[in-house]
Amino acid sequence: MGAQSSTLIDEIHTAARLPEEAIERKLEALEQVAELGKQEGIAVRVVEQGGLQPLLRCYNAAHPKVRLAAAQALEILAQWPSNQIEMGHDDVLSLLMPSLLTSGPDFKRHAMGLLALLSTPQQNKLRLVNEGMLGPIIAEVTARDETLQLHALEALAKVCEVEQVSGYTVQRGALPQLLKAARSDSQAVKLGVAKVLSGLAKLGENLGEIVRSGALIFLARRPP
């Protein structure tokens, strides 16, 4: 397994350094990461042994297919708890923003899934916000794509476990967005909204805004 992961890391580095036109080679390497990254041992070695930086270069590549494949690969790697901690360092998080702001819904679905996973460790929650992720997360709680919407709600619920972030979220005008999302026909989306609102309500200074927004009515009717 060690030799397999070393070969994979070498291939990622090689593919990432190739010209933008070498799309097929890049996609092949990224697909290997996505497949082999389902094995915890290989996934952890890829992250620990320098595989993140070439993956992030592909994540911010010019070609949309390369960006999408890189986002898929990173999301798979981030399912493992030890990788979530390693991927939560500032030099990684700072590189997640550019493409998140400019790419389409297919890419964002995986990029937001990645953020939701990276929001799990306590030490990552405030870091994500400090890197500017709160705005993009709030923006996607009303996404038309339900998977993207659910990932955004999950990420928001997790980062709002930090009281400081919970206060920022209300100050940034998230409540109207959340209540708009609550009108969805999807019970999963409604439950996601309820989790975020319940977390926001734990901070006393948020209560006035929550009451004025009408969110308490929704919380009283939240799905089981």
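Just so it is clear, the model here is predicted, and its values are computed rather than measured.
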With [X] via side chain to side chain contact (heavy atoms under 4.5 Å, CB included) - residues at least two apart:
X	answer
Glu48	Val44
Arg172	Leu134, Ile138
Leu95	Gln53, Leu56, Asn60

Would you say [Y] ends up clustered with [X] if hydrophobic residues are merged whenever their side chains have heavy atoms under 4.5 Å apart, either directly or through other cluster members?
X	Y	result
Leu18	Leu52	no
Ile12	Leu114	yes
Val162	Leu117	no
Leu203	Leu126	no
Val170	Leu207	no

If I take atom [atom1] from residue [X] and atom [atom2] from residue [Y], how far apart are they, to the nearest 0.5 angstrom?
X	Y	atom1	atom2	value
Thr142	Lys180	OG1	NZ	5.0 Å
Leu178	Ser213	CG	OG	9.0 Å
Leu156	Leu128	CG	CG	11.5 Å

Considering residues at least two apart in sequence or located in another chain, which fulfil the side-chain hydrogen bond (donor to acceptor under 3.5 Å, both in side chains) criterion with [X]?
X	answer
Asn206	Ser166
Asp106	Arg109
Arg212	Glu209

Are side-chain heavy atoms of [X] and [Y] found at a separation under 4.5 Å?
X	Y	result
Ile76	Val33	no
Gln187	Leu191	no
Leu200	Leu175	yes
Leu30	Leu68	no
Asp90	Glu131	yes
Val46	Leu36	no
Met87	Leu96	no
Glu146	Val189	yes

For [X] versus [Y], what's the shortest heavy-atom pair and its separation?
X	Y	answer
Ala181	Val193	CB-CG2, 3.8 Å
Ala152	Ile137	O-CG2, 3.4 Å
Leu100	Lys108	O-CE, 3.1 Å
Leu27	Ala69	CD2-CB, 3.8 Å
Leu8	Ala29	CD1-O, 4.3 Å
Pro136	Met97	CG-SD, 3.8 Å

Using modelled atom types only, decide if a donor and an acceptor are shared between the side chain of [X] and the backbone of [Y] within a distance under 3.5 Å.
X	Y	answer
Lys190	Ser184	yes
Asn83	Ala43	yes
Glu140	Gln149	no
Trp80	Gly41	no
Ser198	Lys195	no

Exercise for the section: Please identify each residue that fulfils salt bridge (Lys or Arg N to Asp or Glu O under 4.0 Å) with Lys202, with sequence neighbours left out. Expected result: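 Counting only residues at least two positions away or on another chain, Lys202 forms no salt bridge (Lys or Arg N to Asp or Glu O under 4.0 Å).
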Practice task
Name all residues meeting the salt bridge (Lys or Arg N to Asp or Glu O under 4.0 Å) criterion together with Glu205; count only those two or more places apart in sequence or in a different chain, and write none if there are none.
Solution key: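 In terms of salt bridge (Lys or Arg N to Asp or Glu O under 4.0 Å), with neighbours along the sequence ignored, Glu205 is linked to no residue.
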Exercise for the section: Please check if atom CG in Asp185 has more than 12 non-hydrogen atoms from other residues, nucleotides or ligands closer than 6.0 Å. Expected result: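 No.
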Could you give all pairs that pass the side chain to side chain donor-acceptor pair (under 3.5 Å) test and reach [range], with sequence neighbours left out?
range	result
residues 67-77	Arg67-Ser103, Gln72-His110, Glu75-His110
residues 13-33	Glu11-Arg25
residues 154-164	Thr120-Lys158, Lys125-Glu161, Glu154-Lys158, Gln164-Tyr168

Exercise for the section: Determine which pairs satisfy ring-ring contact (aromatic ring centres under 6.0 Å, His included) with at least one residue from residues 24-66, sequence neighbours left out, and list them in order. Expected result: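 Every ring-ring contact (aromatic ring centres under 6.0 Å, His included) pair that includes a residue of residues 24-66, provided the two are not neighbours, is Tyr59-Phe107.
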Exercise for the section: Go through the steps to decide whether Val196 and Val141 satisfy the test side chain to side chain contact (heavy atoms under 4.5 Å, CB included), and finish with yes or no. Expected result: CA-CA 10 Å; Val196 176; Val141 301; over 6 Å; no
